[in-house]
S.K.: 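Input: one structure, supplied below.
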Amino acid sequence: MQFSTFGQKFTRQSGILQLMDDLGQALASDKPVNMLGGGNPAMIPAVNEVYQATLEQLVADGTALNSVANYSTPQGDKAFVDSLVDFFNRHYDWGLTADNIALTNGSQNAFFYLFNLFSGDFGGTDKKILLPLAPEYIGYADAHVDGTHFVAVEPIIDECTHDGQAGFFKYRVDFERLKNLPTLQNGQIGAICVSRPTNPTGNVLTDDEMDKLSAIAQAHDIPLIIDNAYGMPFPNIIYTDTTLNFDDNTILCFSLSKVGLPSVRTGIIVANPAVIKAVLAMNAIINLAPTRFGASLAKPLFDNDEIIRLSQTAILPFYQRQSKLAVRLLKEQFANLPVYIHKPEGAMFLWVWFKDLPITSQELYERLKEQGTLIIPSRHFFVGIDTTQYCHAHECIRLSVAQSDEVLTAGIAMIGEVVRSVYE
Ligand SMILES: Cc1ncc(COP(=O)(O)O)c(C=O)c1O
């Protein structure tokens, strides 16, 4: 069968297809798999109890049926949009109105819209999305309808300690290179985008770094897109002190996925009214309307700030605990090897750097998969970077810590065994 250029681009093997495929197969498999790969959130009992009770209430009072039996407008479920206006205005001084918010079918859907709105062909100029800190979220890589329009800057690698231990590093934005990028100087950047905390590394850009990015975006009259999938105020998987800012030039993307509701496919965009109008027009063409089920489930939890309580008392502590356990297990496995862990500052991942590993992390992924342990190799995350000459991009892996102690222990032991044999 022959497909169009669009068809060929969207049906080829991509990093995100491999990741979601591995994830689905691992979840459906009857053989034990140490699933340290995808970004599925953990099932946290204290959180699920609240969802279960809320669902029962919504079914009992007819809200659940009403939400699935009727389309919303292309902006999304009106009652939830109004709740979100109140919610954000209660917690931040952003002065939002309903014109500042649109819902999407997951935030992946939001990035598809935003990247295609702000990059690609602008009447003869090819504009790109600037990713200031590589590595970045693998799910961005293939989002353009036509071609690939990303520019990224290799990070500064700062070796550091963590909880008094050596063997850690932190990526920092190379602002000197960023400011002098020819594409930025020549008006070929359509928007800047960062995930904060960053998937895959668990890095949290500092407030100072965010202020600088915001100033660069303002100076070039382009939006700063902040992917808040793991950020504040929900699920709030952040271990550092940070603030979240919003202004007319900022586009904030939130998601219900990492609070434990990935399959309701609900994303939230907060932006100036012109962006929101564009998003809802795209919603109408691509989806008719965003799904309402997640909105109706979330509404009561946003109305009484339960979502914040769950984030602080159950979600954040769960991931922080698993992250600490995984760090300890990794340290035990790699005591005398040149293995470094990115300083864990948030999200649900650890990023591990096997310096001078004799094989690529893609090959390591394949060897581990054969043994029933899934991780994600690093190359796919260096979106917008030519990785052919960049060794570091082939020396890291991402591990999800959204797993039980048993799976983390078995999976990391397997990684230790395979990696030690490769170094030897
Ligand atoms: C950084 C980041 N952004 C966006 C998404 C997309 O999430 P969803 O479409 O489920 O909201 C993910 C999912 O893993 C992510 O990790």
Side-chain angles (χ1 to χ4, degrees), residues 14-24 27 35-42 76 80 84 102-115 129 131-143 150 152 171 191-205 225-232 234-238 244 251-270 279 282-283 286-287 290-291 293-295 297-298 307 315 319 342 345-351 374-376 380-384 398-403:
S14 61
I16 196 72
L17 175 60
Q18 177 184 67
L19 182 158
M20 292 308 291
D21 206 39
D22 279 352
L23 194 155
L27 288 174
M35 183 54 189
L36 307 183
N40 208 51
F80 187 45
L84 286 166
L103 305 185
T104 55
N105 287 335
S107 62
Q108 188 70 16
N109 182 199
F111 292 105
F112 175 76
Y113 293 165
L114 295 171
F115 292 162
I129 300 292
L131 305 173
L133 189 70
E136 251 299 358
Y137 171 46
I138 193 171
Y140 298 157
D142 300 284
F150 290 107
Y171 290 133
I192 300 177
C193 178
V194 288
S195 59
R196 185 186 193 230
T198 310
N199 174 358
T201 55
N203 189 18
V204 176
L205 289 166
I225 303 170
I226 304 175
D227 180 349
N228 231 21
Y230 304 90
M232 309 162 67
F234 59 93
N236 198 31
I237 314 173
I238 298 191
L244 180 63
I251 302 176
L252 295 177
C253 296
F254 300 89
S255 167
L256 294 188
S257 295
K258 313 303 173 177
V259 295
L261 299 170
S263 261
V264 297
R265 308 304 304 127
T266 303
I268 300 158
I269 301 182
V270 175
V279 166
M282 294 175 93
N283 259 345
I286 292 170
N287 293 308
T291 167
F293 187 67
L297 171 56
I307 199 73
I315 298 174
Y319 289 108
H342 191 286
E345 295 181 318
M348 50 177 73
F349 310 106
L350 286 183
W351 180 256
L374 293 175
I375 50 96
I376 316 242
H380 302 291
F381 295 97
F382 286 84
V383 183
R398 189 193 79 175
L399 302 182
S400 162
V401 300
Q403 299 298 338

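When a ligand or atom number is given, it counts from 1 through the structure's own listing order.
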S.K.: Looking at Gly346 and Pro197, what are the two nearest heavy atoms and their distance?
M.R.: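 In terms of heavy atoms, the two residues are closest at C-CB, 4.0 Å.
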
S.K.: Identify the residue among Thr104, Asn287, Thr291, Thr266 that makes a side chain to side chain donor-acceptor pair (under 3.5 Å) with Asn109.
M.R.: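 Of all the options given, the one that passes is Asn287.
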
S.K.: Locate the shortest heavy-atom distance separating Arg398 from Trp351; write the atom from each residue and the value.
M.R.: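 It is CB-CE3, 3.9 Å.
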
S.K.: Quick check on ligand 1: any N or O pairs to the protein under 3.5 Å? One line per pair.
M.R.:
residue  : atom   : partner : partner atom : Å
ligand 1 : 3 (N)  : Asp227  : OD1          : 3.3
ligand 1 : 3 (N)  : Asp227  : OD2          : 2.6
ligand 1 : 7 (O)  : Ser107  : OG           : 3.4
ligand 1 : 9 (O)  : Ser107  : N            : 3.1
ligand 1 : 9 (O)  : Gln108  : N            : 2.8
ligand 1 : 9 (O)  : Arg265  : NH2          : 2.8
ligand 1 : 10 (O) : Ser257  : OG           : 2.6
ligand 1 : 10 (O) : Arg265  : NH1          : 2.8
ligand 1 : 11 (O) : Ser107  : N            : 2.8
ligand 1 : 11 (O) : Ser107  : OG           : 2.8
ligand 1 : 11 (O) : Ser255  : OG           : 2.7
ligand 1 : 11 (O) : Ser257  : OG           : 3.4
ligand 1 : 14 (O) : Lys258  : NZ           : 2.7
ligand 1 : 16 (O) : Asn199  : ND2          : 2.7
ligand 1 : 16 (O) : Tyr230  : OH           : 2.7

S.K.: If you look at every heavy atom in Lys258 and Ile315, which pair is closest and at what distance?
M.R.: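 Looks like O-CG2, 4.3 Å.
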
S.K.: With a 6.0 Å cut-off on ring centres, are Tyr230 and Phe349 close enough?
M.R.: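 Yes, the ring centres sit under 6.0 Å apart.
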
S.K.: What are the two closest heavy atoms between Pro290 and Gly76, and how far apart are they?
M.R.: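 That would be CG-CA, 3.5 Å.
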
